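Heads up, the thing below is written out as structure tokens.
Excluded from the calculations below are hydrogen atoms, water molecules and symmetry mates; all remaining heavy atoms, backbone and side chain alike, are included. What you see is a predicted model, and the numbers here were worked out from it, not measured in a lab.
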Amino acid sequence: VEPIQGEGGVIVPPAGYLAKARELTSRHGALLIVDEVQTGFGRTGWMFAVEAEGVEPDLLTLGKGIANGFPLSALVTRPDIAAAFRPGDHLSTFGGNPVSCAAAIAAIGVHRRLRLAEAARQKGERLLADLRRDLAGCPEVGDIRGRGLMIGIELVRPGGHPAPERARQARAACREAGVLIGVGGLHGNVLRIQPPLIVDDAQLARIAEALRNALR
């Protein structure tokens with residue numbers, strides 16, 4: 001499970017969803033595997049998104065932010081589960097690359113020193129509030145959602161039908177304004193705003209302005 005779906009369109013589950021998943025897997029003797037490749041390392045306002053609900057998974061998959069752009073991923077689990085692996089079960093050609101591992105250690109140090117997760121939570125709350133205020137009443141906006149600096153704006157046509165073509169136009173307009181955003185969701189109609197965690201207030205204001213101009 002993703003604690004927040006990324007490619008799916010920044011889908012934030014209802015409160016208690018992850019806790020219920022933990023309860024069900026524990027009850028039936030199954031493993032709870034949480035994919036934090038996108039949400040991990042401060043993106044959602046916690047070092048890992050599962051922390052928002054106090055859930056401890058059995059396995060955690062990590063990548064992307066773990067090494068700040070250097071190619072690296074990781075699988076974290078409990079000792080008793082890890083003991084099930086034998087040499088050759090879980091490997092890759094460039095696994096354990098020392099340069100990437102050094103980059104990850106340095107990145108984690110910066111995360112802790114600058115308290116980037118906490119900053120992402122505060123910045124994301126401000127950006128969400130600004131977007132909801134500025135885009136209120138915009139008929140194309142079906143929903144504005146997210147957590148921390150992982151925000152999605154769902155675009156719709158009259159009747160609530162997905163508007164993927166409008167999402168592509170908005171993405172292009174933002175790009176022309178110097179702001180890079182993504183498009184995702186099942187129907188390709190969700191604008192994905194996931195700026196660097198070190199984004200400053202002036203840059204956040206520029207993001208909000210670009211989105212306002214693109215959608216109004």
Side-chain angles (χ1 to χ4, degrees), residues 1-18 21 34-46 49-50 52-53 63-65 69 116-117 119-216:
V1 63
E2 290 178 277
I4 297 176
Q5 288 187 1
E7 301 300 325
V10 191
I11 304 296
V12 182
Y17 176 87
L18 292 175
V34 174
D35 176 356
E36 293 240 22
V37 169
Q38 284 197 40
T39 57
F41 293 94
R43 171 59 54 188
T44 68
W46 282 263
V50 289
E53 287 201 30
K64 297 185 185 293
L116 290 182
R121 189 184 319 168
Q122 297 169 350
K123 293 172 183 177
E125 287 173 355
R126 291 201 304 272
L127 183 56
L128 263 176
D130 289 346
L131 292 173
R132 285 169 173 161
R133 180 196 65 222
D134 296 344
L135 299 176
C138 180
E140 294 179 308
V141 176
D143 191 23
I144 301 176
R145 56 182 177 255
R147 187 176 292 159
L149 288 174
M150 187 173 185
I151 295 172
I153 302 176
E154 185 172 354
L155 301 185
V156 295
R157 299 195 301 267
H161 302 292
E165 66 291 334
R166 188 67 184 92
R168 292 192 294 270
Q169 292 170 1
R171 177 178 60 185
C174 286
R175 184 178 65 243
E176 291 301 313
V179 174
L180 298 180
I181 62 173
V183 169
L186 179 63
H187 303 287
N189 66 316
V190 179
L191 303 180
R192 298 172 59 201
I193 300 96
Q194 296 173 256
L197 302 188
I198 57 169
V199 63
D200 60 31
D201 290 342
Q203 292 166 335
L204 286 172
R206 183 178 179 185
I207 292 169
E209 180 183 21
L211 288 164
R212 283 196 303 270
N213 292 338
L215 296 174
R216 296 178 71 175

Legend entry - Test item: Arg43 side-chain N/O and Leu149 main-chain N/O as donor-acceptor pair under 3.5 Å: yes
Inset, instruction - Please check if the side chain of Glu36 supplies one atom and the backbone of Ala49 the other of a donor-acceptor pair under 3.5 Å. - result: yes
Legend entry - Nearest-0.5 Å distance, CD1 of residue Ile151 to CD1 of residue Ile144: 9.0 Å
Legend entry - Heavy-atom pair of closest approach, residues Ala214 and Cys174: CB-SG, 4.1 Å
Legend entry - Side-chain (Asn189) to main-chain (Leu155) donor-acceptor, under 3.5 angstrom: yes
Legend entry - Val183 side chain reached by Leu191 side chain, heavy atoms, under 4.5 Å: yes
Inset, instruction - Would you check if the side chain of Arg171 reaches a backbone N or O of Arg192 as a donor-acceptor pair within less than 3.5 Å? - result: no
Legend entry - Side chain Arg145, main chain Val10, donor-acceptor under 3.5 Å: yes
Legend entry - Check: Glu125 side chain, Gln122 main-chain N or O, donor-acceptor pair, under 3.5 Å: no
Inset, instruction - Considering only NZ, NE, NH1 and NH2 on the basic side and carboxylate oxygens on the acidic side, decide whether Asp134 and Arg216 come within less than 4.0 Å. - result: no
Inset, instruction - Report yes if some heavy atom in the side chain of Leu211 is under 4.5 Å from a heavy atom in the side chain of Ile181; otherwise report no. - result: yes
Legend entry - Validation row: Pro3, Thr44 side chains within 4.5 angstrom (heavy atoms): no
Legend entry - Gap between atom CG of Asp200 and atom CZ of Arg206 - 0.5 Å precision: 10.5 Å
Legend entry - Distance in Å, Arg121 CZ paired with Leu197 CG, rounded so as to fall on 0.5 Å steps: 12.5 Å
Legend entry - Test item: Glu53 side-chain N/O and Gly16 main-chain N/O as donor-acceptor pair under 3.5 Å: yes
Inset, instruction - Output the distance between atom CD1 (Ile193) and atom CG (Leu131), rounded to the nearest 0.5 Å. - result: 6.5 Å
Legend entry - Side-chain touch Glu209/Val179, heavy atoms, less than 4.5 angstrom: no
Inset, instruction - Using the side chain to side chain contact (heavy atoms under 4.5 Å, CB included) rule, take Arg147 and Trp46 through it: C-alpha gap first, then chi angles, then the decisive distance, then the call. - result: CA-CA 10 Å; Arg147 187 176 292 159; Trp46 282 263; 3.8 Å; yes
Legend entry - Residue pair Glu2 / Thr39, side-chain heavy-atom distance below 4.5 Å: no
Inset, instruction - Can you see which heavy atom on Ala177 is nearest to which on Ala210, and at what distance? - result: CB-CB, 4.1 Å
Legend entry - Beyond-backbone contact of Arg157 with Arg166, side-chain heavy atoms, under 4.5 angstrom: no
Inset, instruction - For the pair Lys123 (side chain) and Val199 (backbone), establish whether a donor and an acceptor sit closer than 3.5 Å, ignoring hydrogens and angles. - result: yes
Legend entry - Whether Arg175 side chain and Leu180 backbone form a donor-acceptor pair below 3.5 Å: no
Legend entry - Minimum heavy-atom distance Ile153-Leu135, with the two atoms named: CD1-CD1, 4.2 Å
Inset, instruction - Specify the closest pair of heavy atoms between Gly9 and Val190, including all atoms of both residues, with the distance to one decimal. - result: O-CG1, 3.5 Å
